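Computed from a prediction, not measured in an experiment: that's the story for all the values here.
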Amino acid sequence: MIDIKSPDEIAKIRAGGQRLAAIMEKLKTAAVSGITTKEIDDLAGQLARQQQAQPSFLGYNGFPANICISVNEEIVHGLPGEKKLHTGDIVGLDFGLLYQGFFTDMAVTVGIGQVDSVASKLMASTAESLQLGIKQIKPGNHIGDISAAVGRHAESGGYGIIRNLTGHGVGRKVHEPPQIPNFGNPGDGPELKVGMVLAIEPMLSLGDHTTELATDGWTFKMKDGSLSAHFEHTVVVTEEGHEILTKYQDGK
Ligand code: MG
């Protein structure tokens with residue numbers, strides 16, 4: 001069953017999503033050459049607490065950090081540590097908040113300084129896939145319409161689509177049903193209804209789609225060592241179509 005949130009609940013999720021988006025803007029700015037991923041993790045925790053929110057990944061399934069930071073061939077769930085960022089790296093920042101009892105989830109991939117054109121294009125295509133997936137969100141469409149739109153764009157660019165990790169419902173918990181794969185067929189899967197809150201998150205690579213777990217026990221990385229990118233928004237299905245709840249709004 002896919003949970004339906006009430007307008008009051010959605011208002012709280014929106015309030016959390018705006019805070020998450022504002023924090024993410026600051027984290028993007030902080031991601032520069034020479035900083036360690038642990039320093040970004042500390043900042044993420046501080047910024048969350050300043051917003052009267054909790055970092056929702058901390059302790060989730062035992063995850064020992066505030067935020068997931070995944071560098072280059074690391075795709076998701078990257079465990080922050082003493083690793084320094086370098087010019088040319090591409091860095092996935094995936095952060096979740098618990099605010100007023102509700103969960104939001106968001107990810108971006110940023111380049112450190114000047115990155116090469118192949119890496120830039122991978123990041124742009126992953127962000128475009130996210131937008132194309134979100135465009136399919138409206139009452140009466142199906143989860144498969146989102147999956148197919150993401151997958152089509154990724155394949156047209158020749159990118160690998162990570163298959164063993166998916167988007168998901170969100171709001172009352174960090175992860176809720178349904179799973180939202182980044183490939184699939186239009187019309188498949190559950191029908192979208194007003195009040196469903198979904199985390200859409202394409203994960204693409206320059207190579208094959210196979211991932212492996214790093215020795216830290218948390219970080220998923222590409223088995224073939226290829227560069228990978230990840231973008232994510234929390235989105236609610238509305239009468240008119242959808243609303244991105246983690247969209248950055250200047251001044252908030
Ligand atoms: Mg997620």
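With 3.5 Å as the limit, one finds no donor-acceptor pair spanning the side chains of Ser6 and Asp8. Donor-acceptor pairing under 3.5 Å is recorded for the side chains of Thr211 and Asn164.
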I would like to know whether Asp224 and Thr210 meet side-chain contact (heavy atoms from CB on, under 4.5 Å); could you show each step before the answer?
-> CA-CA 8 Å; Asp224 63 3; Thr210 312; over 6 Å; no
CA sep, side-chain torsions, deciding dist, call: Leu192, Ile146, side-chain contact (heavy atoms from CB on, under 4.5 Å) | CA-CA 10 Å; Leu192 303 180; Ile146 304 170; 4.1 Å; yes
For Glu155 and Ile161, what are the C-alpha separation, side-chain angles and deciding distance, and is it a side-chain contact (heavy atoms from CB on, under 4.5 Å)?
-> CA-CA 8 Å; Glu155 272 170 12; Ile161 301 169; 4.1 Å; yes
Report the C-alpha separation of Lys173 and His168 in whole Å, then their side-chain angles, then the decisive distance to 0.1 Å, and conclude whether the side-chain contact (heavy atoms from CB on, under 4.5 Å) test is met.
-> CA-CA 10 Å; Lys173 298 183 197 158; His168 51 91; over 6 Å; no
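Between Thr109 and Thr126 the shortest side-chain heavy-atom distance does not fall below 4.5 Å. Between Ile69 and Val91, the closest side-chain pair of non-hydrogen atoms falls below 4.5 Å. Residues Val71 and Ile112 have side chains not in contact (no heavy-atom distance under 4.5 Å, counting atoms from C-beta outward). Contact of the Glu39 side chain with the Pro80 side chain is not registered, since no non-hydrogen atoms from C-beta on lie closer than 4.5 Å. Counting only heavy atoms from C-beta outward, the side chains of Ile4 and Val194 never approach each other to under 4.5 Å. Two residues are said to be in side-chain contact when any heavy atoms from C-beta on lie closer than 4.5 Å; Ser205 and Ile162 meet this criterion. Counting only heavy atoms from C-beta outward, the side chains of Val237 and Pro139 approach each other to under 4.5 Å.
Legend: residues meeting side chain to side chain contact (heavy atoms under 4.5 Å, CB included) with His233, ordered by chain and number and at least two apart, are Met106, Leu130, Gln131, Ile134, Val235, Ile244, Thr246. Remark: Lys221 pairs with no residue by the salt bridge (Lys or Arg N to Asp or Glu O under 4.0 Å) rule, at least two apart or across chains. Under the side chain to side chain contact (heavy atoms under 4.5 Å, CB included) criterion, Gln46 pairs with Leu43, sequence neighbours left out. For Phe220, the ring-ring contact (aromatic ring centres under 6.0 Å, His included) partners two or more places apart in sequence, or in a different chain, are His77. Taking Glu9 as the reference, Arg172 meet the salt bridge (Lys or Arg N to Asp or Glu O under 4.0 Å) condition, with sequence neighbours excluded. By the salt bridge (Lys or Arg N to Asp or Glu O under 4.0 Å) test, Glu74 pairs with Lys83, sequence neighbours left out. Residues satisfying the side chain to side chain donor-acceptor pair (under 3.5 Å) test with His153, not counting sequence neighbours, are Glu128.
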Validation: residues 22-35 side-chain donor-acceptor distances under 3.5 Å, sequence neighbours left out:
| from | atom 1 | to | atom 2 | distance (Å) |
| --- | --- | --- | --- | --- |
| Glu25 | OE2 | Lys28 | NZ | 3.1 |
| Thr29 | OG1 | Glu25 | O | 2.9 |

Donor-acceptor pairs under 3.5 Å, side chain of residues 115-122 to any protein atom, not counting sequence neighbours: which ones?
| from | atom 1 | to | atom 2 | distance (Å) |
| --- | --- | --- | --- | --- |
| Asp116 | OD1 | Val118 | N | 3.1 |
| Asp116 | OD1 | Ala119 | N | 2.8 |
| Ser120 | OG | Asp116 | O | 3.2 |

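From Gln50, atom CD reaches atom CD of Gln52 across 9.0 Å, with rounding to the nearest 0.5 Å. Of the inter-residue distances, the one linking Gln18 atom CD with Lys247 atom NZ reads 12.0 Å to the nearest 0.5 angstrom. Atom CG of Leu206 sits about 11.5 Å away from atom CD of Glu73, to the nearest 0.5 Å. For the atom pair Leu93 CG and Glu232 CD, the distance stands at 12.0 Å (nearest 0.5 Å). Taken from OG1 in Thr87 to CD in Gln114, the straight-line distance is 9.5 Å, to the nearest 0.5 Å. Going from atom CD of Gln249 over to atom CZ of Arg14 covers 9.0 Å, rounded to the nearest 0.5 Å.
Across every non-hydrogen atom of Tyr99 and Gln51, the tightest pair is CE1-O, 3.4 Å. Here the closest heavy-atom approach between residue Pro178 and residue Pro190 is recorded as CB-CG, 4.4 Å. The shortest heavy-atom contact between Gly207 and Ser226 is N-OG, 3.3 Å. Contact detail for Lys5 and Gly171: the closest heavy-atom pair is CE-CA, 4.0 Å. The two residues Leu204 and Ser129 have their closest heavy-atom pair at CD1-OG, 3.9 Å.
Note: the hydrophobic cluster containing Met123 does not contain Ile75 (ILVMFWY, side chain heavy atoms under 4.5 Å, direct or indirect links). Tyr159 and Leu132 are members of different hydrophobic clusters when ILVMFWY side chains are connected at heavy-atom separations under 4.5 Å. Residues Leu97 and Leu47 are members of one and the same hydrophobic cluster, defined by side-chain heavy-atom contacts under 4.5 angstrom among Ile, Leu, Val, Met, Phe, Trp and Tyr. Met203 and Ile143 sit in two unconnected hydrophobic clusters of ILVMFWY residues. Membership requires side-chain heavy atoms under 4.5 Å apart, directly or through other members. By the rule that hydrophobic residues join a cluster once side-chain heavy atoms approach within less than 4.5 Å of another member, Phe183 and Ile180 end up as members of one cluster.
Between the Ser70 side chain and the Gly78 main chain, a donor and an acceptor come within less than 3.5 Å of each other. A donor-acceptor pair under 3.5 Å is formed between the side chain of Asn72 and the backbone N or O of Ile90. In this structure, Asp41 contributes its side chain and Asn66 its backbone to a donor-acceptor pair below 3.5 Å.
Hydrophobic clustering, defined by side-chain heavy atoms of Ile, Leu, Val, Met, Phe, Trp and Tyr closer than 4.5 Å, groups Tyr60 together with Ile10, Ile13, Phe57, Phe63, Leu79, Leu98, Phe102, Phe103, Val170, Val174, Val197, Trp218, Val236, Leu245.
Listed by first and then second residue, the salt bridge (charged side-chain N to carboxylate O under 4.0 Å, His left out) pairs that reach into residues 177-193 come to none, sequence neighbours excluded. Screening residues 135-148 for side-chain hydrogen bond (donor to acceptor under 3.5 Å, both in side chains) gives Gln136-Asn141 as the qualifying pairs, with residues at least two apart or on separate chains.
Checked against Leu85 for a side chain to side chain contact (heavy atoms under 4.5 Å, CB included), the options Val110, Ile40, Thr36 give a single hit: Ile40.
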